[in-house]
Amino acid sequence: MQKTSLISNGAYNPKEVEDKIYQLWEKSGFFNPDKLPPRHKKPFTIVIPPPNVTGELHIGHALNATVQDILIRRKRMQGYKTLWLPGTDHAGIATQNVVEKKLRKEGKSRFDLGREKFIEEVWKWKEEYGNKILNQFKKMGSSCDWSRTRFTMDEGYSLAIKEAFLHYHKKGWIYRGKRVVNWCSRCATSLSDLELEYKEEKGKLYYIKYPLKDGDNNFIVVATTRPETMLGDTAVAVNLKDERYKKLIGKIVVLPLVNKEIPIIADELVDKNFGTGAVKVTPAHDLIDYQIGQKHKLESRQVISERGKMIEVPKKYMDLKVEEARKMVVEDLKIQNILEKEEDYAHQVPKCYRCNTTVELIPSLQWFLKMEELAKLAQTQVKKGKIKFHPKSFEKPYLDWLKNVKDWCISRQIWWGHKIPIEGENDVLDTWFSSALWPFATLGWPASAKATARQARKSDLKTFYHTNVLSTARDIINLWVARMIFSGMEFMKEIPFEDVYIHATVLTRDGQRMSKSLGTGVDPLKLVEEFGADATRFGIAYQIMGNQDMKFVTDNILMGKKFCNKIWNASRFVMSQIQNSKYEIKKPTPKTPADKTILKALEKTIKLTDKNLDNFEFGKSAHTLYDFFWHDFCDVYIEKSKEQKSEATNKILFYVLLNSLKLLHPFMPFVTEEIYQKLPALTLASIRRSGRGRPVKNKKKCLMIEEWPKN
RNA sequence: GGACAGUUAGUUCAGAGGCAGAACGCUCCGUUCACAUCGGAGAGGUCGCAAGUUCGAUUCUUGCACUGUCCACCA
């Protein structure tokens, strides 16, 4: 029979469709806002949160790609000049680490290669994995403008970095100084506070007797979790108001194991109620102690090196690793009978967020960016409501963080990254220094900002900045979002985006964090392979219900696959009915109660979908569309249509199908586009009209740029 | 230590001051008629715990417990 020729097979096979359709889209040029038809005037922009070029995508990327593509595709259909700008992040430490890991397998270290060779290796890695990642986005159906793909270390971007750094430098906001900083001895670099991950460890609280110099057998007992740092103590501190110790202030103790004389001082930072109320002061390896040291002009004695080993200590401890030194110090204290007691003590230990090594605090010469003014810029925009978080509850922690923010240590002692643009400087910039410029550096800043007025008028920067939505994960709100906001205000004098959508964090079924090392990660491409891209997208979107967390299950993706098939088959049925008819796009007149009901339901579905998507309620809109299509349309109306069998019924079948395809397209672009392409051209020609309302023949292009349904 | 979120069917989640819902899974029945990736029927829940408000609470309030995340210089 002829009717089967429209869509020949009863089962939808994504593998036969997806690559073909993606090529059709790419060929159409419509991913590129400049090539969209004239009706697309007002810009709508999303810049992708650039994935690290460390490896492959995880399910969180798939979630975010789905969200962004839904937003972009709907806006495109609504007639916006849409740009979804893609790119990747060089991700300094992270990428350097994966390449080092690879080298280690070959028995080499980065030092064997030397800086230049090593960086060459990282570039090779970047080429391979950067492209892989972008291809993975394509497989998900992402409608990015690939002609505008950027990388945080491409040529233009490097100019942006220099411009930004020198700008701050000129303002006097960048300074260099020796400070106690977070130090990862494995990565051999400083880290900002945001790059630490605290993990609870069961340690001990050691109570150590420090003997008074001129007090027969008198002691002052200090409590510490880090006995090995006592080798660098330069004072003991108590609270001035602490009656117990009042008499001792100003006296001298003899530091055990080292035999150095150090003073007992008073400082308000000491908590009377913790431990014994007396603390050892190690200005070189603790932040509070550093502050106390500054105030009291104490000597700072560094005893832990950049490689995490003991230095400048009595011979027997020299060169020991920190943990080994701790053991030996405790043993020696026991031998000398000056370890009063030890208590179990659980505390939060800072770890390097990239390699999980315990982070030490050590004094080091670093570059800092003053945050006082910048933090204000970032706060104001959110307080004034110029930038809105969705959900709104994320604004509070954002503002809290900015209120207490310290100067930003922007130098890193690694090799992979932007060199600090100062003569003779070997360090590179924190990778987040470059991501902070992403929304405008990707659009041509600073080059186009300096162009002639005429060029600038036409520039991407002018057209697409500020962008509209930023969709990202909540763990980088401070690390990234805050910094983009103050950078945007500082350099562009304008917000970088209006809406910040914080998507759910994807957890495993058991509520655990997804982790490659634990083997609990899910590869989105395997899902695409097994269920198809539309099913994966729909299944993910279906689960986005506004919670902070999302326990990921494939059940919904299976449902998505079945839904694709349902859409496919319903379309086959409708096409078999409308074969010899001509149909108009305008709303048909209902003749029966069933007609009336389905048109009403469609109207309601359009309204709800618009409302939900405007509010970033992706799950709700997916539910609404599913219920409408499967139940209202297929279960009820299509069944009814088999009884009604009339020309009027066919008109309604076609009308409802076409509008459903449009509504579903942002969620399931492949299957809907494929069906649209199979709709008879004759029919469609009659529904497409020119500006003057005359029919235009054979103008059918893509569902991707069809007009979004209106009520 | 602070903040935010969650706790409802075997699983993942909706829901609303008045008979407890969906999807997947499970059980039974049904293939000439778009689709077995389907259709129909069914089993399955003290709505985390406790108190309060109310004629009535799974829903509102408070407290607690547990889970997750973010923030935090208590050694």
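All values derive from a computational prediction rather than experimental measurement. Reminder, nothing fancy here: chain letters follow the sequence lines and each chain counts from 1.
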Please give the distance between the [atom1] atoms of [N] and [M] as a whole number of Å.
| N | M | atom1 | result |
| --- | --- | --- | --- |
| B:rA14 | B:rU58 | C1' | 14 Å |
| B:rC35 | B:rC28 | C1' | 22 Å |
| B:rG44 | B:rC49 | C1' | 24 Å |
| B:rG17 | B:rA57 | C1' | 7 Å |
| B:rC13 | B:rG48 | P | 15 Å |
| B:rC71 | B:rU53 | P | 41 Å |
| B:rA34 | B:rU69 | C1' | 46 Å |
| B:rG21 | B:rU61 | P | 24 Å |

Q.
I'd like to check A:Asp595 versus A:Tyr637 (side-chain heavy atoms, cut-off strictly below 4.5 Å). Are they in contact?
A.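 Yes, at least one pair of side-chain atoms sits under 4.5 Å.
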Q | A:Lys566 to A:Tyr626 six-membered ring, cation-pi geometry met (6.0 Å, 45°) | A |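 Negative - A:Lys566 is either too far from the ring of A:Tyr626 or too far off its axis.
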Q: With heavy atoms under 4.0 Å as the rule, sort A:Glu395 into base, sugar-phosphate or nothing.
A: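 Here A:Glu395 touches no strand at all.
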Quick one: sort the [X] and [Y] rings into parallel, tilted or perpendicular, breaks at 30° and 60°.
| X | Y | value |
| --- | --- | --- |
| A:Tyr345 | A:Phe274 | perpendicular |
| A:His58 | A:His61 | tilted |
| A:Phe538 | A:Phe667 | perpendicular |

Q) With ring centroids as reference points, do A:Tyr501 and A:Phe618 lie under 6.0 angstrom apart? A)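 Yes.
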How long is the line joining [atom1] of [X] and [atom2] of [N], in whole Å?
| X | N | atom1 | atom2 | result |
| --- | --- | --- | --- | --- |
| A:Met545 | B:rG21 | CE | P | 18 Å |
| A:Gln543 | B:rC24 | CD | C1' | 11 Å |
| A:Leu558 | B:rC26 | CG | P | 11 Å |
| A:Phe531 | B:rA23 | CZ | C1' | 14 Å |
| A:Ile477 | B:rA3 | CD1 | C1' | 12 Å |
| A:Lys551 | B:rG6 | NZ | P | 13 Å |
| A:Glu617 | B:rG15 | CD | C1' | 14 Å |
| A:Leu653 | B:rA34 | CG | P | 12 Å |

Q: Tell me which of A:Asp627 and A:Cys634 sits closer to the 5' end of RNA chain B, going by the nucleotide each one is nearest to.
A: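 On the 5' side of the pair lies A:Asp627.
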Q.
Nearest heavy atom decides the nucleotide; on that basis, is A:Ile638 or A:Val553 closer to the 5' end of RNA chain B?
A.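 Between the two, 5'-proximity favours A:Val553.
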Q) Would a distance-only check, ignoring hydrogens and angles, find a side-chain to backbone donor-acceptor pair under 3.5 Å from A:Glu18 to A:Ala533? A)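 Such a contact is found between A:Glu18 side chain and A:Ala533 backbone.
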Q) So, the side chain of A:Thr554 versus the backbone of A:Ile557: is there a donor-acceptor pair under 3.5 Å, distance only? A)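 Not at all, since once roles are kept as given, no pair shorter than 3.5 Å links the two residues.
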Every protein N/O lying under 3.5 Å from an N/O of nucleotides 8-10 of chain B:
none

Q: Could you tell me whether B:rC19 is syn or anti, where syn means a glycosidic angle within 90 degrees of zero?
A: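 This nucleotide is in syn.
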Presence of salt bridge, [Y] and [X], under 4.0 angstrom:
| X | Y | value |
| --- | --- | --- |
| A:Lys651 | A:Glu647 | no |
| A:Lys640 | A:Glu643 | yes |
| A:Lys15 | A:Glu529 | yes |

Nucleotides 36-38 of chain B: which of its N/O atoms have a protein N/O under 3.5 Å away?
from	atom 1	to	atom 2	distance (Å)
B:rU37	O2'	A:Asn565	ND2	3.0
B:rU37	O2	A:Lys561	O	3.4
B:rC38	O3'	A:Lys566	NZ	3.4

**Q.** Secondary structure of RNA chain B in dot-bracket form (Watson-Crick or G-U wobble, distances below 3.5 Å, | marking inter-strand pairs)
**A.** (((((((..((((....[..)))).(((((.......))))).....(((((..]....))))))))))))....
Q: Using a 4.0 Å cut-off on protein heavy atoms (strictly under), produce a 5'-to-3' string for nucleotides 68-75 of chain B with B for base contact, S for backbone-only sugar-phosphate contact, and - for none.
A: BS-SBBBB
**Q.** Candidates A:His285, A:Arg301, A:Lys280 - the one meeting side-chain hydrogen bond (donor to acceptor under 3.5 Å, both in side chains) with A:Asp233
**A.**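 The option that passes is A:Lys280.
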(Q) Hydrogens and angles aside, do A:Gln644 and A:Ser646 bring a side-chain donor and acceptor to less than 3.5 Å of each other? (A)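 The answer is no; no qualifying pair exists.
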Under 3.5 Å, sequence neighbours excluded: what are the donor-acceptor pairs made by side chains of residues 234-241 of chain A?
from	atom 1	to	atom 2	distance (Å)
A:Thr234	OG1	A:Glu299	O	2.8
A:Asn239	OD1	A:Lys241	N	2.9
A:Asn239	ND2	A:Val270	O	2.8

Q: Hey, could you give me each pair passing salt bridge (Lys or Arg N to Asp or Glu O under 4.0 Å) that has a residue in residues 549-563 of chain A? Not counting sequence neighbours.
A: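 Qualifying pairs, neighbours excluded: A:Arg474-A:Asp549, A:Arg509-A:Asp555.
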